Undergrad: 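Take this structure first; my questions come after.
These figures come from a predicted structure and were not determined experimentally. So that the names make sense, note that chain A is the first sequence line, chain B the second, and so on, each numbered from 1.
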Amino acid sequence: MTPTSWSRHRLRSGDDFRAVTRRGVRSARSHVVVHLALLPQAPEAPRVGFVVSKKVGNSVVRHRITRRLRELVRAHLDAFPAGSTAVIRALPGAEQLPFADLEDEVTGALGSAVRKLERRGTPSGAPR
RNA sequence: CCAGUCGGCCGGACAGUCGCGUCCCCGCCCGUCAGGGCAGGGGUCGAGGAAAGUCCGGGCUCCACCUGGCACGGUGGUGGGUAACACCCACCCGGAGCGAUCCGCGGGACAGUGCCACAGAGAGCAGACCGCCUCCCUCACCUGCGGGUGCGGGCGGUAAGGGUGAAAGGGUGGUGUAAGAGACCACCGCGGUCCCGGUGACGGGACCGGCACGGUAAACCCCACCGGGAGCAAGGUCGGACAGGGGACGUCAGAGGGUGCCAGCCCGAGUCCCCGGGUGGACCGCUGGAGGUCGUCGGCAACGGCGAUCCGAGAUGGAUGACUGUCGAGAACAGAACCCGGCUUACAGGUCGGCUGGUCCC
RNA sequence: CGCUCCGUAGCUCAGCCCGGUAGAGCAGCUCCCCCAUAAGGAGUGGGUCGCAGGUUCGAAUCCUGCCGGAGCGU
């Protein structure tokens, strides 16, 4: 894998977050939820966004979880289908998890989300 | 050494690999130039003592620029420090402690108003329930014929004692008295005048008064001093998109505004409301400052003057993570968003120093 | 960034301005009525007044600081 800039894979707009969490498939583990969707007009490179709400902890805890998630997503970028968009949401208690366990939860949830997406067949996000 | 008290400092360190943000250099790409872009390489720097809560004070920016009175809010011993403060330092007073030291919203209750429940006789120009005492009346008893004692009743005196209460109109001791009482005396307290010390809060002394004037102002209030409003989403530059319609008031005899009201002064040709539509980009502000360190001088200190030296974040969906190794070892609270000075609150562990009390040794 | 409001019984709220007794409705429990249930009637328990300091003789109430929860403006 050629070195790439992380900023190409970032998800920023609130509209994109809403589109993925509403139309995409969802797969959960005990401390993490993965939403995945194939949106129209999406670029070839997969994009990922994070949601860590205030219920998870204070600012330090939320930042630490976001950094860990970003780090392990960067290591597993090739696990995301081309052209897909993902949102990973952390649940309360995630800061207690060792990094390796968090990695298992995210990759496991991502795997089942990909299978769900393939079973659905047609690209989701089609207009109603 | 033990116990205590006050203050300062640290807030895991080092090394390696991968990864992120700012800035600089190189490289590559676009462009006629100006310049712009990048996924490559190298270097530099990269959260806190509270970055927090947003409780005060300022800087900065804008508001047609800001005066006076009222209202509202804040501050509240004195003197300093400071850009300023509700902060800091020193001192005074009161309280706690053997002490070092700590705590105090610490002006005014003879400008006025209000409140002081329950209990209690009486609670604000107070008051006689029990008690104590003089005198008078009835009755009984004793008698040395002057009177005395006792039960009951009455007119009074009395704030020493009991009892109520947070608080009962100076305290303690004596003189005095029928019993009592600042009625009188001593000391203490209180008030006044004068003298001395101090910049001052205040302290000390002498004399006089002779007790009159309870508490509450974090109750209304009075006094002194302070406060124009909004906030970096301030404000500005560039670029882009769209669609306009209706109503109210007004254009110098002037709507409206100067963020409470009135007056003064000033600005002034547009202002406000409703329906509908569009944008929601980039850049500046943006970090070099009441800055840190060291020396020296002034000051009890807070702090200030001078000189030298250093540059220590600047994001914009918001940068610090992953793995490994070593070390008196897995440790706390916690993440900048315009900046600074404070306050308050949270906090594992460690470390240094001053002082106090006790014990032991020389 | 700038503000506002609210924490009182299991639940929904009074009481706070102007300090002395904490109260209402529903719910709960006991009894009556009824063959039985609901309804109705009578009675009854239950509150660190969010937390901690302070002012006062005395604080749910006044002051200060925290904690938690809603909401508004830009």
Undergrad: Between B:C343 and B:G236, how far apart are the P atoms? Round to whole Å, please.
TA: 37 Å

Undergrad: Of the options B:A322, B:U320, B:A334, whose atoms approach the side-chain atoms of A:Arg68 most closely?
TA: B:A322

Undergrad: Under a 3.5 Å cut-off for both distances, is B:C355 Watson-Crick or wobble paired, and to whom?
TA: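 Across any shown strand, B:C355 pairs with B:G4.
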
Undergrad: To the nearest 0.5 Å, tell me how far A:Glu103 CD sits from A:Arg68 CZ.
TA: 12.0 Å

Undergrad: Check whether any side-chain N or O of A:His63 sits under 4.0 Å from OP1 or OP2 of B:A334, and answer yes or no.
TA: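 For B:A334, neither OP1 nor OP2 has a side-chain N or O of A:His63 closer than 4.0 Å.
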
Undergrad: Looking at A:Ala79 and A:Val114, what are the two nearest heavy atoms and their distance?
TA: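 Of all heavy-atom pairs spanning A:Ala79 and A:Val114, the closest is O-CG2, 4.4 Å.
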
Undergrad: Syn versus anti for C:U56, judged by chi lying within 90° of 0?
TA: syn

Undergrad: Taking atom C1' in both B:A337 and B:U316, compute the distance separating them and give it to the nearest angstrom.
TA: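 One C1' to the other, the span is 9 Å.
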
Undergrad: May I have the distance from A:Leu77 (atom CG) to B:C18 (atom C1'), rounded to whole angstrom?
TA: 14 Å

Undergrad: Please name the nucleotide paired to B:C306 by Watson-Crick or G-U wobble geometry with both distances under 3.5 Å, or report none.
TA: B:G295

Undergrad: Output the rounded distance in Å from CG (A:Leu97) to C1' (B:A322).
TA: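 Computing the A:Leu97:CG to B:A322:C1' distance gives 15 Å.
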
Undergrad: Return the value, rounded to whole Å, for the distance between atom CZ of A:Arg74 and atom P of B:C323.
TA: 13 Å

Undergrad: Considering only atom P, compute the distance from B:A15 to B:C300 and round it to an integer number of Å.
TA: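 It comes out at 48 Å once rounded to the nearest Å.
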
Undergrad: Which nucleotide, if any, forms a Watson-Crick or G-U wobble pair with B:G203, using both distances under 3.5 Å?
TA: B:C196

Undergrad: What is the glycosidic conformation of B:G328: syn, defined as within 90° of 0, or anti?
TA: syn

Undergrad: Say we look at B:G99 and B:G358: how far apart would their P atoms be, to the nearest angstrom?
TA: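 To the nearest whole Å, 12 Å.
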
Undergrad: Taking a hydrophobic cluster as the set of Ile, Leu, Val, Met, Phe, Trp and Tyr residues connected by side-chain heavy atoms closer than 4.5 Å, whether directly or through intermediates, do A:Val106 and A:Leu97 fall within one such cluster?
TA: yes

Undergrad: Find which nucleotide of RNA chain B each of A:Ser59 and A:Val51 is nearest to by heavy atoms, and output the residue with the more 5' nucleotide.
TA: A:Val51

Undergrad: Quick one: classify the glycosidic conformation of B:G49 as syn or anti, with syn meaning within 90° of 0.
TA: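 With its glycosidic angle within 90° of zero, B:G49 counts as syn.
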
Undergrad: Applying a 3.5 Å limit to both distances, which nucleotide forms a Watson-Crick or G-U wobble pair with B:U32?
TA: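 Checking every strand shown, B:U32 finds no partner, since no pair has both distances under 3.5 Å.
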
Undergrad: Establish, with yes or no, whether the OP1 or OP2 oxygen of B:U320 is under 4.0 angstrom from a side-chain nitrogen or oxygen of A:Arg67.
TA: yes

Undergrad: When the P atoms of C:U48 and B:C88 are considered, how many whole Å apart are they?
TA: 39 Å

Undergrad: Tell me which nucleotide, if any, is Watson-Crick or G-U wobble paired with B:A230 when both distances must be under 3.5 Å.
TA: B:U61

Undergrad: Once you apply the 3.5 Å cut-off to both distances, tell me the Watson-Crick or G-U wobble partner of B:G250, or none.
TA: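 Paired with B:G250, as far as the under-3.5 Å criterion goes, is no nucleotide at all.
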
Undergrad: Does some side-chain heavy atom of A:Phe80 sit less than 4.5 Å from a side-chain heavy atom of A:Val73?
TA: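 A:Val73 vs A:Phe80: side chains touch.
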
Undergrad: Can you tell me the distance, in whole Å, between the CD1 atom of A:Ile65 and the P atom of B:U320?
TA: 15 Å

Undergrad: Does C:C17 fall in syn (glycosidic angle within 90° of 0) or anti?
TA: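 That one's syn.
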
Undergrad: Give the table of side-chain donor-acceptor pairs shorter than 3.5 Å for residues 27-34 of chain A, with sequence neighbours excluded, one pair per line with atom names and distance.
TA:
from, atom 1, to, atom 2, distance (Å)
A:Ser27, OG, A:Ala109, O, 3.3
A:Ser27, OG, A:Ser112, OG, 2.4
A:Arg29, NH2, A:Gly108, O, 3.1
A:Ser30, OG, A:Glu105, OE2, 2.8

Undergrad: State, to 0.1 Å, how close A:Glu71 and A:Phe99 come at their nearest heavy-atom pair, and which atoms those are.
TA: CG-CZ, 4.1 Å

Undergrad: May I ask which nucleotide in the shown strands pairs with B:C9, Watson-Crick or G-U wobble, both distances under 3.5 Å?
TA: B:G350

Undergrad: Tell me the interatomic distance from A:His76, atom NE2, to B:C323, atom P, rounded to whole angstroms.
TA: 12 Å

Undergrad: If I pick the P atom on B:G258 and the same atom on B:G231, what distance separates them, to the nearest angstrom?
TA: 15 Å

Undergrad: Please determine whether a side-chain nitrogen or oxygen atom of A:Arg62 lies at a distance below 4.0 Å from atom OP1 or OP2 of B:G335.
TA: no

Undergrad: For A:Glu71 and A:Arg64, find the nucleotide of RNA chain B closest to each by heavy atoms; which residue's nucleotide sits nearer the 5' end?
TA: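 Nearest-nucleotide comparison on RNA chain B picks A:Glu71.
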
Undergrad: Could you tell me which non-hydrogen atom of A:Val52 sits nearest to which non-hydrogen atom of A:Ala90, and how far apart they are?
TA: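 Taking A:Val52 first and A:Ala90 second, the nearest heavy atoms are CG2-CB, 4.1 Å.
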
Undergrad: Taking all heavy atoms of A:Thr107 and all of A:Asp104, pick out the closest pair and write down the distance.
TA: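 That would be OG1-O, 3.1 Å.
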
Undergrad: Using Watson-Crick or G-U wobble pairs with both distances under 3.5 Å, give me RNA chain C in dot-bracket, 5' to 3', with [ ] for crossers and | for pairs to another strand.
TA: ((((((((.[[[[.)....(..]]]].(((((.......))))).....[[[[[..)....]]]]]))))))).

Undergrad: Please determine whether side chain to side chain contact (heavy atoms under 4.5 Å, CB included) holds for the pair A:Leu110 and A:His76, giving the CA-CA distance in whole Å, both sets of side-chain angles, and the decisive distance to 0.1 Å.
TA: CA-CA 10 Å; A:Leu110 179 63; A:His76 294 279; 5.7 Å; no

Undergrad: Would you mind calling B:G182 syn or anti? Take O4'-C1'-N9-C4 for purines or O4'-C1'-N1-C2 for pyrimidines, and syn is within 90° of 0.
TA: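 The base of B:G182 is oriented syn (glycosidic angle within 90° of 0).
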
Undergrad: Calculate the interatomic distance between A:Phe99 atom CZ and B:G19 atom P; express it in whole Å.
TA: 15 Å

Undergrad: Are A:Val61 and A:Phe50 linked, directly or through other ILVMFWY residues, by side chains that come within less than 4.5 angstrom of each other?
TA: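 The answer is yes; both residues are in one hydrophobic cluster.
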
Undergrad: Both distances below 3.5 Å, Watson-Crick or wobble geometry, any strand: find the nucleotide opposite B:A52.
TA: B:U344

Undergrad: Mind checking the P distance from B:C195 to B:A201? Whole angstroms is fine.
TA: 16 Å

Undergrad: Using the P atoms only, state how far B:C226 lies from B:C103, rounded to an integer number of Å.
TA: 31 Å

